[in-house]
Structures are given as structure tokens and as C-alpha cells.
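Input: a single structure, listed below in C-alpha cells.
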Amino acid sequence: MLAHSVFFSLHDNSPAAIDKLVAACKKYLADHPGVVFFCAGTLNKELDRAVNDRAFDVALHVVFDGKPAHDLYQTAPTHLTFIAENKDNWKQVRIFDADAESA
């Protein structure tokens, strides 16, 4: 499997703007071929330990059944629409891709 995690920091990080991006993630990114797990959400404000990286507003996690599914997702029209409609509010986007194995 391939785990694709994306952390968005927003220019406008008001609750409404954060909710809008989470909704866009769900609308455009959840239903792609080869997705075995999808979730999108926000920074948990209660977890504020020294080891927590808190430099984001919205987190997206998609696990694909393999790299070919991930590669198709990158050029899928809905993924490109998601980017076009939301990128103006992105201050920083950090992407972490990892090979993943289940227990």
C-alpha cells in the first residue's frame, strides 16, 4: 500500500475556511479507484505536547492499494479540480508519501 498524507496551512484559517477545505477534500478526493482508506480533518487542539507538529490547519490521509492507484489519483480530473478551487488559500502544503504494510 501507499499512504499519502497531506498537511495544509491556510492563509485564512478561520473556522469557516477550515470547514470549507475539509468539505472539499471529502467531495473531490474520497472516491478514487484503489483507495482503501480516506479521512480528512483538523488539528486536534487538545494535543499540545512538545513532540506534536502543530503547523497545519487541515490534514488529509489517503491510503491507496499501491503506487499505480496513487499515480492515477494525481492526474484525476477531480483531484485537479480540488487543487484549482482551493490552492489560493494554501499558505503551505506538506506531503508525506510512505510505503505501508498492515499488521
Side-chain angles (χ1 to χ4, degrees):
M1 293 181 290
L2 191 143
H4 179 69
S5 297
V6 184
F7 295 87
F8 300 92
S9 298
L10 305 179
H11 292 291
D12 171 8
N13 64 349
S14 66
I18 290 171
D19 290 347
K20 179 183 177 220
L21 184 57
V22 171
C25 288
K26 292 175 182 177
K27 177 180 179 180
Y28 292 113
L29 307 178
D31 189 28
H32 284 267
V35 170
V36 296
F37 178 80
F38 170 91
C39 70
T42 61
L43 172 71
N44 184 309
K45 295 185 189 274
E46 294 177 17
L47 297 176
D48 190 9
R49 301 169 295 166
V51 297
N52 286 101
D53 183 336
R54 301 174 53 79
F56 69 96
D57 300 298
V58 173
L60 168 69
H61 305 285
V62 185
V63 178
F64 297 95
D65 59 13
K67 187 175 178 299
H70 167 271
D71 293 347
L72 287 173
Y73 163 88
Q74 290 300 323
T75 59
T78 52
H79 182 248
L80 299 177
T81 298
F82 167 80
I83 294 169
E85 289 184 6
N86 294 282
K87 69 180 178 180
D88 288 342
N89 194 30
W90 297 344
K91 179 168 41 174
Q92 182 182 38
V93 178
R94 293 181 298 149
I95 301 171
F96 300 88
D97 291 319
D99 293 327
E101 299 177 12
S102 59

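In what follows, every heavy atom counts, from backbone to side chain, and hydrogens, waters and symmetry copies are set aside.
- Phe37 belongs to a hydrophobic cluster with Met1, Val36, Val63, counting contacts under 4.5 Å between side-chain heavy atoms of Ile, Leu, Val, Met, Phe, Trp and Tyr, direct or through other members.
- Considering OG1 of Thr78 and CG of Leu80, their distance stands at 8.0 Å, rounded to 0.5 Å.
- Counting only heavy atoms from C-beta outward, the side chains of Trp90 and Ile83 approach each other to under 4.5 Å.
- Residue pairs meeting the salt bridge (charged side-chain N to carboxylate O under 4.0 Å, His left out) criterion with at least one partner in residues 35-51, sequence neighbours excluded, are Asp48-Arg54.
- Of the N and O atoms on the side chains of His11 and Asn89, not one donor lies less than 3.5 Å from an acceptor on the other residue.
- Remark: Asp19 engages no residue in a side chain to side chain contact (heavy atoms under 4.5 Å, CB included) (not counting sequence neighbours).
- Side-chain rings of His32 and His79 stay apart, their centers remaining 6.0 Å or farther from each other.
- At distances below 3.5 Å, at least one donor-acceptor pair connects side-chain atoms of Asp57 with backbone N or O atoms of Leu10.
- Here the side chain of Ser9 pairs a donor or acceptor atom with the backbone of Ala55 at under 3.5 angstrom.
- Under the 4.5 Å side-chain contact rule for hydrophobic residues, Leu72 and Leu60 do not share a cluster.
- Atom CG in Asp71 sits 8.0 Å away from atom CG in Leu2 (nearest 0.5 Å).
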Give every donor-acceptor pair under 3.5 Å between a side-chain atom in residues 20-30 and any protein atom, sequence neighbours left out.
| unit_1 | atom_1 | unit_2 | atom_2 | d |
| --- | --- | --- | --- | --- |
| Tyr28 | OH | Glu85 | OE1 | 2.8 |
| Tyr28 | OH | Glu85 | OE2 | 3.1 |

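- The shortest heavy-atom contact between Ala3 and Ala100 is CB-CB, 4.3 Å.
- Under the rule for a side chain to side chain contact (heavy atoms under 4.5 Å, CB included), the partners of Leu47 that lie at least two apart in sequence or sit in another chain are Asn44, Asn52.
- Under a 4.5 Å side-chain heavy-atom cut-off, the cluster of Ile, Leu, Val, Met, Phe, Trp and Tyr residues that includes Phe56 is completed by Phe7, Leu43, Phe96.
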